[in-house]
A.B. asks: 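Here it is, the structure, as structure tokens.
Everything quoted here is computed from the prediction, not taken from an experiment.
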Amino acid sequence: QGQLSESGGGLVQAWASLRPSCAVFGRTFSYRNMGWFRPAPANAPEFAAAITRPGGTYYADSVKGRFAISRDNAKNTVSLQMDSLKTNNTAVYYCATTTHTANNMSVDYLSDQTSYVTWGQGTQVTVSS
């Protein structure tokens with residue numbers, strides 16, 4: 001499986017923007033669906049956004065219209081453009097990947113953290129009021 005490394009988090013004020021990125025090491029990045037999650041208290045990680053192999057995107061309702069996920073297959077990276085940040089967006093954000101053989105690209109599958117097999121170490125996003 002490819003290894004993942006996030007970067008680009010930080011401390012910003014409310015309504016500012018951040019663009020965390022995730023570098024994927026390995027030769028099968030273009031075959032993988034990618035997702036971004038954040039921890040949820042006492043529950044499974046909370047889905048934020050996902051992008052399929054061909055570039056289809058899904059978003060949690062809470063971030064729809066403010067966040068945009070994208071991928072660059074030439075650079076083996078996936079990014080999460082976060083605009084109009086709110087204080088409740090404060091969290092460690094993790095990127096994750098499905099296997100390169102996963103054919104299911106439905107929103108139900110890609111919003112489920114159990115569909116992902118490899119996770120990064122996370123990048124902290126802190127939004128102050």
A.B. asks: Heavy atoms, side chains only, cut-off 4.5 Å: are Y58 and F47 in contact?
C.D. replies: yes
A.B. asks: Does a side-chain heavy-atom distance below 4.5 Å link S62 with K86?
C.D. replies: no
A.B. asks: With P45 as reference, evaluate Y94, F37, Y116, Y93 under the side chain to side chain contact (heavy atoms under 4.5 Å, CB included) test and give the passing residue.
C.D. replies: F37
A.B. asks: Locate the shortest heavy-atom distance separating M105 from P54; write the atom from each residue and the value.
C.D. replies: SD-CD, 3.5 Å
A.B. asks: Can you name the closest pair of heavy atoms from A68 and Y59 and give their distance?
C.D. replies: CA-OH, 3.3 Å
A.B. asks: Are side-chain N/O atoms of S21 and S79 paired as donor and acceptor at under 3.5 Å?
C.D. replies: yes
A.B. asks: Considering only heavy atoms from C-beta outward, does the side chain of R53 approach that of N103 to under 4.5 Å?
C.D. replies: yes
A.B. asks: Strictly distance-based, threshold 3.5 Å: is any side-chain N or O of R32 a donor or acceptor partner for the main-chain N or O of T98?
C.D. replies: yes
A.B. asks: If you group Ile, Leu, Val, Met, Phe, Trp and Tyr by side-chain heavy-atom gaps below 4.5 Å, do W36 and V63 land in one group?
C.D. replies: yes
A.B. asks: Scan side-chain atoms only and decide if N104 and S106 contain a donor-acceptor pair under the 3.5 Å cut-off.
C.D. replies: yes
A.B. asks: Determine, step by step, whether L18 and L85 satisfy the side-chain contact (heavy atoms from CB on, under 4.5 Å) criterion, reporting the C-alpha distance in whole Å, the side-chain angles of both residues, the deciding distance to 0.1 Å, and the verdict.
C.D. replies: CA-CA 8 Å; L18 279 174; L85 281 162; 4.1 Å; yes
A.B. asks: To check you understand the geometry: which heavy-atom pair defines the closest contact between C95 and L4, and what is its length?
C.D. replies: O-CD1, 3.5 Å
A.B. asks: To the nearest 0.5 Å, how far apart are CD in Q3 and OG1 in T118?
C.D. replies: 6.5 Å
A.B. asks: For R71 and N33, indicate whether the former's side chain and the latter's backbone hold a donor-acceptor pair under 3.5 Å.
C.D. replies: no
A.B. asks: Would you say the side-chain atoms of N76 pair up with the backbone N or O of V24, donor to acceptor, closer than 3.5 Å?
C.D. replies: yes
A.B. asks: Is the OH atom of Y109 crowded by more than 12 outside heavy atoms at less than 6.0 Å?
C.D. replies: yes
A.B. asks: Indicate the atoms forming the closest heavy-atom contact of Q81 with S17, along with that distance.
C.D. replies: NE2-CB, 3.9 Å
A.B. asks: Can you tell me how far the CZ atom of R66 sits from the CE atom of M82, to the nearest 0.5 Å?
C.D. replies: 8.0 Å
A.B. asks: If you look at every heavy atom in F29 and D72, which pair is closest and at what distance?
C.D. replies: CE2-O, 3.8 Å
A.B. asks: Has E6 got a side-chain atom pairing as donor or acceptor with C22's backbone, closer than 3.5 angstrom?
C.D. replies: no
A.B. asks: Can you hop from W119 to M34 via hydrophobic side chains spaced under 4.5 Å?
C.D. replies: no
A.B. asks: Give me the atom names and distance for the closest heavy-atom approach of T90 to V127.
C.D. replies: OG1-N, 2.9 Å
A.B. asks: Indicate yes or no: at least one non-hydrogen side-chain atom of V125 is less than 4.5 angstrom from one of P20.
C.D. replies: yes
A.B. asks: What's the separation between atom CZ in F67 and atom OG in S84, rounded to the nearest 0.5 Å?
C.D. replies: 9.5 Å
